[in-house]
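Reviewing the structure listed below.
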Amino acid sequence: MSRLKFRHWATLSLTGLLLLSQSSLAACPKSGIELPSGNLSKALISLGRQCRISLVVQADSASSIQVPRQHLETPDGSIAPALQQLLTKTGLTFTHTGTNAVAVVAKKKQSEQTEAEGPLLPEEEVIVTGRSLTGSHLRYLKLDSYAPIDVLAQPELEITGAQTVSELLKFLPAVSGNSTSTSVTNGGNGTATVTLRGLPASNTLVLINGRRIVSNGFGGEAADLNTIPLSAVDRIEVLKDGASAVYGSDAIAGVVNILLCRDFDGLSVNSYYGQAERGDQETSSYSVTWGGGNENTHLMLSLADYRQGEVLSRDRAISDSADNRTRGGTDLRSAASPQGFIALEDEVVTSSPDGYRTWTMEDLYNFREYTSALVPSERQSIYLALNHRLQGDTQAFAEAMAIRTRSEAAMAPTPVFTRFDNGDLTITSDNKYNPFNEDILDVRKRVIELGPRAQHNGTDTFRLNTGLKGLMDDWQWELTAAAHYTRARERLTNLIDPFRLSLALKGPNICSESSDCVPVNLLGASGSIDEQQLDYIRATSYVDGVSRMASVTYIADGPLGKIPSGDILAAAGVELRREEINFRSIDAAGSSFIGGASSGAAKGYRLIGESFAEISIPLSAERLWLDGAVRYSDYSDFGTTANPKIALRWRPWPSLLLRASYATGFKAPTLVDMNQTGYQSQEFLFDPCTNSDAPLLPGCNGQADQSRIQYLTEFGGNASLQPETSDNRSFGIVWTPGGFTGFHASLDLYDIRQNDVIDTSPQYLINENANNGLFSDRVQRDAGGDITRIVATRLNIGAREVRGIDASMRYQHLSKELGLIRWSMNGSHIDRYLNQLAPGSPIEDLTGTFVDSASGGAGSLPEWKANTGIYMQRGRWEGGYTIHYVDSLEESFALDNESVSRDIHSWTTHDVQIAYAVPTGFRFAIGVDNLMDKAPPFAASAFNDNFDARTYDIAGRYWYTTFSFNM
């Protein structure tokens, strides 16, 4: 059924392509272009900006060519005459190399120059003397990469209306699984990550300008995308292939390379305001960018401020209640209610205005009244880029960035489970407020008198990259020194100190005024806990972490030699890096406060030395290439690893490219993986011992409590961990028909096999304990069979295999009737996602399933995820229309003591933007995301808000406007 829906959806997209008539007018102003005097690189950048073309400039050779101030003619808005005029006396010309590329190259013989004489579409990329693509340090004159790369450049960045990097990447077809953002509330920490191929975020490497950056301040698995201001981004390249041979650790699923503006000239002021149609999620963004200089020095400065408003769970129908029985799900309301769940010797009672009555399932508590579905956040940034020519072809450069991020999430008031929380929380029979004359072991109470819990997250990040680069003969070299620092803090308020509460639940022989103890009433009606009691037990947890990275990198690339079939290109380099983390949490003497999590502590550092090399050999001129890469890495904590990559590119016809590659990869265990101690949290898990057949299972001591959904879990590091390893295979076809020069299509097959996956998997421990009687030392149960504690230490135990297909098509057309039209379609299909939690455990195919990350799952893994869109420009008007599609999923959960499966519906949304640009530099746009106001599909097993916030968006129809000025 889902495949049929996707085919129908794709057919409609193709029909839209076929309906594009002969159209347009280009992006350049008809009045022509005014260029400043200076070097050719600067002139090309100015030309691209005025023609609304994203420029990618390898500036070293172009910077040595000086051009005067001049006016370039652009009849009918075409860029081709302007380029011809600009390059007339430079010894350079240009050639159309595909839908997204124009190469500026040395002139050939007169008979060979005909290609540049024809009409030229306004391109998204201008390449000056070649540049290295993400995934390689080699400079290619054409976009003939041996791996699939998605490029998000202007005007794509502008037409989406996105204001953060994570928002921009969330709906990419290749992104699925457990990426995080401010949409992740309970369990989130204000950071944002990206997950390619459904693999963990630690398997996707994030770069800035091709360079590695530091992870978040808690020493997390991946870089925080919230510390990268979108206002400073020129384009984003997403490499959908393994690249450990080129970049080292983490690049198993692929690489996200975020390229910042460095050569901007002029002044740009941008503003954005948006609001959900229901009146919340008010978001504003402001940025100012300035750049200028002379023929030897260029300086660019960018300032940005971003503020995102809140969406509360209670304000959306999908998330306003945790009771999902009417939707076909289960009742996820909490047994910890304001009236209390009080288990006496012979019955369970709850408080009421008239005393005590028998507790029923209808007394469960809807905690969604207080929770955030979208976390309010803000961030401010400053970015500085400096380039200075020293002498000849040598330049000095520096890039500095500082980012401040803050967020605040709301959660329901703290729940107390006296039987399962830390500390001895037995309410003794002689407690001042105990009217039952018996010790009470099991009370579940929502202490609403404390007020909602508030989680405050803040991160301060500083990055500095500086160095020298230049040309020596035909070789380009670069020496870079980098220093990165990030500090993250988290504060969670209105928690309860378990040890103080333990004392407060005892009799006068333990808790009295003489012992500075205040008795606490957990057995009364809502409001029975007064301020004196609250002040005694109230607690706040703090986590403070710092991550540092310092590195020195030297790399050189150029022609190694010449053979009859062409130049042999090569690159080689070395990198020295030091990584360090140091974070600690303030908790209850090594245990988590009630209502919170104890992050514990981790302190450690490592030294890394790496050497790497690449080569590209043309086996047949302009037809066949053999590419290879290798990287050797030496880590001070776990040892060495070497990872090669080999690829073959064959162009049997000028319009057809076949490519295949094989590579090995690795992900080093993080410093947290190896050094963390004292981490506790209440994990959302399922215990098979709660089913009615529990007495028949080897590990169950009878049927456990069915009303529990969270279990106290202790995680720990392991200094003996080894890297995760992978084998990556890919095969692709790229078609760019010469008679249809605006069209580009590609189809790529990928296969990733991982071993030694680092995992803790408390859910696996519970399953094995209940079903097979194993891990009784790690899954601790009381006499009644209820889990009191789970001890989960990281181990190299898992294995995965992910196989699928990426498909893309792009078309652009230029005519005088309708203007410039661009159409694109991008889709990703997961054919199989095999996962084995540990040796000997069953292999599961997770393709097309959803298992919430809160219970240790891989999240949403749709078989198909795709988008398609049309962008049009005519004169001063622009418009964009985009469709996002997520295939249906299947989930499994326990309902009435039986395991059931249900479908999560497919999801399609429509985004529209219309813009008007004035020749004086003003641009105004109005847009709407989710035009049809499509709510996210219900997921019965989703922990947060009854849907997967990592895959879908809860805001509904969302309106926004942008205003910009460029001069």
Side-chain angles (χ1 to χ4, degrees), residues 166-167 170 176-193 195 201 276 280-281 308 310-324 327 329-334 336 364-377 407-415 446 452-455 457 490 492 595-597 681-686 708-711 713 762-763 849-861 886 889 891-893 902 904 907 935-956:
S166 62
E167 182 184 355
K170 181 174 183 176
S176 58
N178 286 327
S179 56
T180 63
S181 69
T182 53
S183 296
V184 180
T185 51
N186 196 343
N189 59 5
T191 64
T193 59
T195 53
D280 47 18
Q281 198 186 333
Q308 173 186 272
E310 184 178 37
V311 174
L312 293 171
S313 302
R314 64 177 182 242
D315 292 333
R316 294 295 185 275
I318 185 72
S319 57
D320 62 358
S321 176
D323 184 358
N324 298 315
R327 298 185 177 104
T330 59
D331 191 349
L332 296 178
R333 292 178 298 167
S334 173
L364 293 172
Y365 174 70
N366 180 29
F367 51 86
R368 298 272 172 75
E369 283 290 324
Y370 292 92
T371 57
S372 300
L374 185 73
V375 178
S377 62
S407 66
E408 180 178 338
M411 289 181 281
T414 292
R446 184 74 55 166
R453 287 168 288 172
Q455 180 176 308
N457 287 93
E490 180 175 291
L492 185 56
S681 71
Q682 291 281 353
E683 294 293 297
F684 182 74
L685 304 166
F686 171 71
R708 292 185 64 196
I709 58 175
Q710 288 178 277
Y711 299 86
T713 306
Q763 185 64 62
T849 67
F850 167 70
V851 182
D852 200 297
S853 64
S855 54
S860 293
L861 301 172
V886 180
L889 297 161
E891 63 175 340
S892 298
F893 59 99
R902 66 175 297 274
I904 299 173
W907 193 62
F938 167 69
S941 58
F943 180 48
N944 280 331
D945 297 316
N946 305 327
F947 78 103
D948 180 19
R950 303 167 190 267
T951 302
Y952 312 97
D953 184 72
I954 197 174

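Note that the structure is a prediction, hence the values are computed from the model and not measured. When a residue number appears, it is its place in the shown sequence, counting from 1.
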Please confirm whether the backbone N or O of [Y] pairs with a side-chain atom of [X], one donor and one acceptor, at under 3.5 Å?
{"X": "S313", "Y": "T371", "result": "yes"}
{"X": "T195", "Y": "S176", "result": "yes"}
{"X": "T713", "Y": "Y711", "result": "yes"}
{"X": "E891", "Y": "A940", "result": "yes"}
{"X": "N178", "Y": "G857", "result": "yes"}
{"X": "E408", "Y": "A454", "result": "no"}
{"X": "Q308", "Y": "V375", "result": "yes"}

**Prompt:** Looking at D945, D953, D280, which hits salt bridge (charged side-chain N to carboxylate O under 4.0 Å, His left out) with R316?
**Reply:**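 Passing option: D280.
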Return the minimal non-hydrogen interatomic distance between [X] and [Y], and the atom names on each side.
{"X": "D948", "Y": "A942", "value": "N-CB, 4.5 Å"}
{"X": "W907", "Y": "A935", "value": "NE1-O, 3.0 Å"}
{"X": "F367", "Y": "L332", "value": "CE2-O, 3.3 Å"}
{"X": "Y370", "Y": "A412", "value": "CB-CA, 3.6 Å"}
{"X": "A955", "Y": "A276", "value": "O-CB, 3.9 Å"}
{"X": "S166", "Y": "A192", "value": "CB-CB, 3.6 Å"}

Separation of [Y] [atom2] from [X] [atom1] (nearest 0.5 Å):
{"X": "E310", "Y": "D315", "atom1": "CD", "atom2": "CG", "answer": "9.0 Å"}
{"X": "R314", "Y": "S321", "atom1": "CZ", "atom2": "OG", "answer": "14.0 Å"}
{"X": "S334", "Y": "Q710", "atom1": "OG", "atom2": "CD", "answer": "7.5 Å"}
{"X": "L685", "Y": "R708", "atom1": "CG", "atom2": "CZ", "answer": "10.0 Å"}
{"X": "F947", "Y": "S860", "atom1": "CZ", "atom2": "OG", "answer": "10.5 Å"}

**Request:** Quickly, which of T951, V886, L889, T849 forms a side chain to side chain contact (heavy atoms under 4.5 Å, CB included) with I904? Name it, please.
**Result:**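 The single option meeting the side chain to side chain contact (heavy atoms under 4.5 Å, CB included) with I904 is L889.
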**Message:** Can you tell me which residue among N324, L364, N366 is in a side chain to side chain contact (heavy atoms under 4.5 Å, CB included) with D331?
**Reply:**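 Answer to the side chain to side chain contact (heavy atoms under 4.5 Å, CB included) test with D331 among N324, L364, N366: L364.
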**Message:** When you measure from the centre of the six-membered ring of Y365, is the NZ or CZ of R446 closer than 6.0 Å and no more than 45° off the axis?
**Reply:**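 Ring-cation test returns no.
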**Asked** Are I318 and I954 side-chain neighbours, meaning at least one heavy-atom pair lies under 4.5 Å?
**Response**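 Contact flag for I318/I954 side chains = yes.
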**pair N946-R368: side-chain heavy atoms closer than 4.5 Å** =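 Of all side-chain heavy-atom pairs linking R368 with N946, at least one is under 4.5 Å.
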